[in-house]
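Take a look at the structure below.
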Amino acid sequence: MKPLTVLGFLGSTLDAGKFDAGRWNKWRPSVSICMQEDLRVDRFILLHGSHHRRLAEIVAKDIADVSPETAVVPHTLDFDDAWDFEEVYGKLLDFARGFPFDPDAEDYLIHITTGTHVAQICLFLLTEARYLPGRLLQTQPQRGAPQPVGIWNSIDLDLSRYDSIATRFAEASAESASFLKSGIETRNPAFNRMIEEIEQVAVRSRAPILLMGPTGAGKSQLARKVYELKKLRHQLGGPFVEVNCATLKGDSATSALFGHRKGAFTGAAQDRPGLLKSADKGLLFLDEIGELGLDEQAMILRAIEEGRFLPVGSDSETRSDFQLIAGTNRDLVEQVRKGRFRDDLFARLNLWTFSLPGLAERREDIAPNLDYELERFAEREGSRVTFNKEARERYLAFAEGHDAKWQGNFRDLAASVTRMATLNTTGRIDVGAVDLEIKRLGTTWHTDKSEADVFDRILGRDQLAEIDPFDRVQLAFVVKTCRACRSLSEAGRQLFAASRELRTSTNDADRLRKYLARFNLTWTDLQQPVGGYR
């Protein structure tokens, strides 16, 4: 059994009395907790005001007499008005946030028999919200039993009539939403509503969360903030483990995710716990989950539902209790339809699905994110850089306008700010630096758009995502050459100009046709008009 800690207020009336031998004939709730035969208390956090320090010392001594194994830890907590809900709740909340709770290592009971009614209500609410990660405890005297001992039990309360506390909870919820946004005062209504919903899900549910959206929309950062919020609420004790599934290929994917035993395969020189085991009691973020193979998807599903999986080369299962957040820039519904993503795994992930918009869909949020990126640069580089007024206005006019494509979303914005801040020498970004950066972005987006138009319209994004970067570069050159030629034979002659001289017979058209067939393309496909490219 884990050690047990009790947390409660000193009873200024119930715990007091004449401090002679007769006090042992009186029921005193704080002392009685440690006299229960079926309740071993290892530590007692005794909250009290400064003016009750002497009483706290006496109660601590009496607890030591009846329960030597109990360590009493007095903690001074003063209120100007112990009947003021806002003050009591606020100070108890500060205490809860600062106390080193460790629910994985010890259990907690929150004693609500002592203290004012306001203090008892606030303890209940903080326990219900998991700021105090324990169970409620009530003690009372029992007729016919030895007077000092009494009994103990858990209780439930209906405190819905306390509107002032509901207001404080609304404020706490708003603080949590701001935390998820890294304190950025975003202005996009749809995005703000989505963050509010994610905040509620994060603190009330352990079900998987699916974050969809384009690359660079902030899925990884949001997943980490969800983890930090849940850890702040004492809902997670383990680490944040992040992996990009696009980097897991072949047999190594299973080993990386689920671990392996020594000798399971050539090169397995020692045991490897795997990412799922590393995330035990914490949060696992599987970015680009659509890139996983079907076998790994099946194993992930079982690990989510049962908390069990089989490491490579092991005869016994391993357990891991983790919260899962998955991210993807793919259309998983389409992937399911094509048989590339398991429908049962998608159904399990689809309980809480949130689609993060790209930066181009949140242009009103560019200004606050611009300030955020400048702050990040200052923290990272130790040098604070700002815009002069005219330069800031010019940059925002461009960034918020329709000519700014923001194809890389927030990564584009972060890179843009980093370039301007790094290249300045005075600590102030001027109009010249902005104009240079606008030109650089325009050139980058034009180049990217040309290739994106061709591949998006001819291949489609899902098929393009399955082509290795090396082959993508080669295919781009082939497509560009084909679209500039009048026939398949002419294109073949240009593309195979060197090697054709070494062969006794040449059929460049057939050779090119077979190359295109590898990507399910034909000559006719490449001749379709694509805006801005041909």
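- The number of heavy atoms from other shown groups lying within 6.0 Å of CZ (Arg206) is above 12.
- A salt bridge links Lys225 to Glu228: at least one charged side-chain nitrogen sits closer than 4.0 Å to a carboxylate oxygen.
- Listed by first and then second residue, the ring pair (Phe, Tyr, Trp, His ring centres under 6.0 Å) pairs involving residues 180-230 are Tyr227-Phe240 (not counting sequence neighbours).
- In this structure Phe309 satisfies the ring-ring contact (aromatic ring centres under 6.0 Å, His included) test together with Phe258, sequence neighbours excluded.
- One side chain, Asp412 or Trp445, offers a donor N or O that lies under 3.5 Å from an acceptor on the other.
- Contact check on Glu375 versus Arg384 returns a salt bridge, with a Lys/Arg side-chain nitrogen under 4.0 Å from an Asp/Glu carboxylate oxygen.
- Around the CD atom of Gln270, the shell of radius 6.0 Å holds no more than 12 heavy atoms that belong to other residues, nucleotides or ligands.
- Looking at Asn244 and Thr247, their side chains never bring a donor and an acceptor atom within 3.5 Å of each other.
- Between Arg513 and Asp510 there is a salt bridge, since at least one side-chain N of the basic residue sits less than 4.0 Å from a carboxylate O of the acidic one.
- Between Arg337 and Asp343 there is no salt bridge, since none of the side-chain N atoms of the basic residue sits less than 4.0 Å from a carboxylate O of the acidic one.
- Between the side chains of Gln494 and Thr481, no donor-acceptor pair is found at a separation under 3.5 Å.
- Ionic pairing of Glu379 and Arg376 is not present here: no N-O contact between side-chain nitrogen and carboxylate oxygen is shorter than 4.0 angstrom.
- Although no hydrogens or angles enter the test, the distance criterion places no donor-acceptor pair under 3.5 Å between the side chain of Lys219 and the main chain of Ala326.
- Contacts classified as ring pair (Phe, Tyr, Trp, His ring centres under 6.0 Å) and involving residues 352-391 (residues at least two apart or in different chains) are given here: Phe387-Tyr395.
- When all heavy atoms are compared, the tightest approach of Arg348 to Pro208 is NH1-CD, 3.4 Å.
- A search for side chain to side chain donor-acceptor pair (under 3.5 Å) contacts involving Arg394 returns Asp435, not counting sequence neighbours.
- Just one residue in the list Glu364, Arg362, Arg193 forms a side-chain hydrogen bond (donor to acceptor under 3.5 Å, both in side chains) with Asn188, and that residue is Glu364.
- Phe95 is linked by a ring-ring contact (aromatic ring centres under 6.0 Å, His included) to His75, Phe99, counting only residues two or more places apart in sequence or in another chain.
- With respect to the salt-bridge test (charged N to carboxylate O, under 4.0 angstrom), the residues Asp321 and Arg308 do not qualify.
- Here Asp471 pairs with nothing under the side chain to side chain donor-acceptor pair (under 3.5 Å) rule; sequence neighbours left out.
- Checked for salt-bridge contact, Glu288 and Arg330 miss the test: no charged N lies under 4.0 Å from a carboxylate O.
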